[in-house]
Undergrad: 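What follows is a single structure, and I will ask about it in a moment.
Here the structure is a predicted model, which is why all the values come from computation and not from measurement.
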Amino acid sequence: MKIFLIRHGETITSGQTYAGRSNVPLTAHGHRQAQDIADQLASEPISFILTSPLSRAIETAQPLARQLSMTPVETAALMEIDFGDYEGRDKSDLGLSLRKCHAETPIPGGECLRDVWDRAGEVERLVTGRNEPVGVVVGHFWINRLLWGRLGGMSFDAACRNRIYRPRTGSYIALELPPTASQREPKET
C-alpha cells in the first residue's frame with residue numbers, strides 16, 4: 001500500500017501564529033501549492049482521499065479530488081493539535097516547545113501530543129483497514145508527523161523526537177506500507 005501524506009498549503013498564519021483548530025483559508029500561494037500537488041499526483045492510481053475537516057486541508061485536497069473525480073472523506077481525527085489558550089497567539093511571543101512541555105501534559109484548554117498520537121492511531125486504522133493500493137491523507141504538521149511515525153512503526157517518544165520528517169506547508173511524502181495480514185500472499189511451505 002502506498003500513502004501520500006500531504007500537509008495543507010500555506011495560510012496567512014503559517015509560521016506566524018498557532019492556528020490548530022482555526023479555520024484559516026489558504027493564501028494564493030497555498031492554492032498554487034495545492035494545484036501543484038494535484039498535478040504531480042494526477043497519474044497515480046489513487047483510490048481514496050482522507051482529509052481533515054479544517055478549511056485549509058479541504059482546500060488543499062480539492063484540486064486533486066477534482067482531477068480524479070473523487071470526493072474527499074473528512075475525518076475529525078486528522079485535525080491539528082488543539083492549541084487551546086494558545087490558539088491565535090504569535091509563535092515568537094510564546095516560544096512553545098510542545099515536545100518538552102506538552103508531550104503528556106495538555107496545553108491549557110487544549111490537547112497534548114499524546115492526544116494527537118491517539119488520534120493518529122484512528123487514522124492509521126482507517127488507512128490500513130482499506131483494501132486499496134494507493135491513498136491520500138491531507139492533514140497538518142503535528143497530526144501528519146505523528147501519523148508518519150505510527151505508520152513507520154515508531155514509538156510515541158521516537159516520533160515526537162524525530163526530526164527527519166518536518167512537513168512543510170504544501171508538501172507531501174510517499175510512504176510504502178507493508179501489506180496487512182489479510183493482504184499478504186500466502187507462502188508455500
Side-chain angles (χ1 to χ4, degrees), residues 1-83 86-92 94 96 98-99 113 116-117 119-120 123-124 126-127 134-152 159-160 162-177:
M1 170 178 251
K2 182 189 267 187
I3 297 297
F4 290 99
L5 189 55
I6 300 172
R7 182 177 176 203
H8 66 79
E10 179 189 82
T11 70
I12 59 168
T13 63
S14 295
Q16 306 299 314
T17 62
Y18 295 104
R21 298 294 174 92
S22 298
N23 257 326
V24 183
L26 296 181
T27 62
H29 179 66
H31 283 286
R32 285 191 299 277
Q33 290 174 316
Q35 186 59 57
D36 288 347
I37 291 169
D39 293 343
Q40 292 165 21
L41 299 183
S43 64
E44 294 286 338
I46 294 166
S47 52
F48 66 91
I49 300 172
L50 299 178
T51 184
S52 160
L54 295 172
S55 60
R56 58 195 184 269
I58 293 169
E59 289 176 27
T60 301
Q62 286 173 337
L64 180 61
R66 271 193 304 275
Q67 283 185 337
L68 300 175
S69 299
M70 298 177 76
T71 302
V73 175
E74 295 178 27
T75 177
L78 276 167
M79 291 179 77
E80 182 58 302
I81 189 168
D82 184 345
F83 283 108
Y86 303 154
E87 188 79 16
R89 301 264 314 265
D90 192 288
K91 289 183 176 184
S92 63
L94 285 178
L96 182 61
L98 291 177
R99 290 178 289 122
L113 289 177
V116 180
W117 174 259
R119 286 193 289 106
V123 178
E124 179 184 25
L126 285 172
V127 168
V134 183
V136 168
V137 175
V138 184
H140 310 272
F141 182 90
W142 277 108
I143 187 66
N144 281 15
R145 186 171 173 177
L146 296 179
L147 177 59
W148 175 81
R150 285 188 87 97
L151 292 171
C160 286
N162 192 299
R163 294 210 172 251
I164 294 171
Y165 180 54
R166 297 177 51 86
R168 295 178 335 275
T169 57
S171 69
Y172 70 89
I173 187 170
L175 301 170
E176 291 285 344
L177 305 180

Undergrad: Quick one: list whatever passes side chain to side chain donor-acceptor pair (under 3.5 Å) with Gln67, sequence neighbours left out.
TA: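 For Gln67 the side chain to side chain donor-acceptor pair (under 3.5 Å) partners, ignoring immediate neighbours, are Asp39.
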Undergrad: Give a yes or no answer on whether the side chain of Thr13 reaches the backbone of Gln16 with a donor-acceptor pair at less than 3.5 Å.
TA: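 Not a single qualifying donor-acceptor pair exists.
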Undergrad: Hey, are the side chains of Leu64 and Val138 touching, using non-hydrogen atoms and a 4.5 Å cut-off?
TA: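 Side-chain contact under 4.5 Å: no.
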Undergrad: Out of Thr169, Ile143, Ile173, which residue meets the side-chain contact (heavy atoms from CB on, under 4.5 Å) rule with Arg7?
TA: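 Passing option: Thr169.
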Undergrad: Verify whether one side chain among Glu80 and Ser52 offers a donor that lies under 3.5 Å from an acceptor in the other.
TA: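 Glu80 vs Ser52: no donor-acceptor pair found between side chains.
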Undergrad: So with a 6.0 Å cut-off around CZ of Arg168, is the heavy-atom count from everything else above 12?
TA: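 No, not enclosed.
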Undergrad: Would you call Leu146 and Cys160 a side-chain contact if the rule is heavy atoms closer than 4.5 Å?
TA: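 Of all side-chain heavy-atom pairs linking Cys160 with Leu146, at least one is under 4.5 Å.
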Undergrad: Can you label the angle between the Phe4 ring and the Tyr172 ring as parallel, tilted or perpendicular, going by 30° and 60°?
TA: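 Taking Tyr172 first and then Phe4, their aromatic rings stand perpendicular (interplane angle over 60°).
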Undergrad: Do Val127 and Glu124 come within less than 4.5 Å of each other through their side chains, counting heavy atoms only?
TA: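 The answer is no; the side chains never approach within 4.5 Å.
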Undergrad: Below 4.5 Å, heavy atoms only, C-beta onward: do Ile3 and Phe48 meet side chain to side chain?
TA: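 Counting from C-beta outward, Ile3 and Phe48 do come under 4.5 Å.
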Undergrad: May I ask you to test the Ile6-Leu41 pair for a side-chain heavy-atom distance under 4.5 Å?
TA: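 When only atoms from C-beta onward are counted, Leu41 and Ile6 do touch, with a gap below 4.5 Å.
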Undergrad: Dump the intermediate steps for side-chain contact (heavy atoms from CB on, under 4.5 Å) on Arg21 and Phe83, then the final yes or no.
TA: CA-CA 7 Å; Arg21 298 294 174 92; Phe83 283 108; over 6 Å; no
Undergrad: Looking at side-chain heavy atoms only, is the closest gap between Tyr18 and Ile81 below 4.5 Å?
TA: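 No, every pair of side-chain atoms sits at 4.5 Å or beyond.
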Undergrad: Where the side chain of Gln33 meets the backbone of Glu10, is there a donor-acceptor pair that is under 3.5 Å apart?
TA: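 Judged by distance alone, yes, a pair lies under 3.5 Å.
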Undergrad: Take Ile12 and Val24 through the test side-chain contact (heavy atoms from CB on, under 4.5 Å) and record every step on the way to the result.
TA: CA-CA 8 Å; Ile12 59 168; Val24 183; 4.1 Å; yes
Undergrad: Among side-chain atoms of Glu59 and His8, is any donor-acceptor pair under 3.5 angstrom?
TA: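 No, because no side-chain N or O of Glu59 sits under 3.5 Å from a partner of the opposite role on His8.
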Undergrad: Applying side chain to side chain donor-acceptor pair (under 3.5 Å), can you list everything that pairs with Glu74, at least two apart in sequence or on another chain?
TA: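 Listed in chain order: nothing, the list is empty.
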Undergrad: Taking the side chain as everything from C-beta on, heavy atoms only, tell me whether Met79 gets closer than 4.5 Å to Pro53.
TA: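 Yes. Closest side-chain heavy atoms under 4.5 Å.
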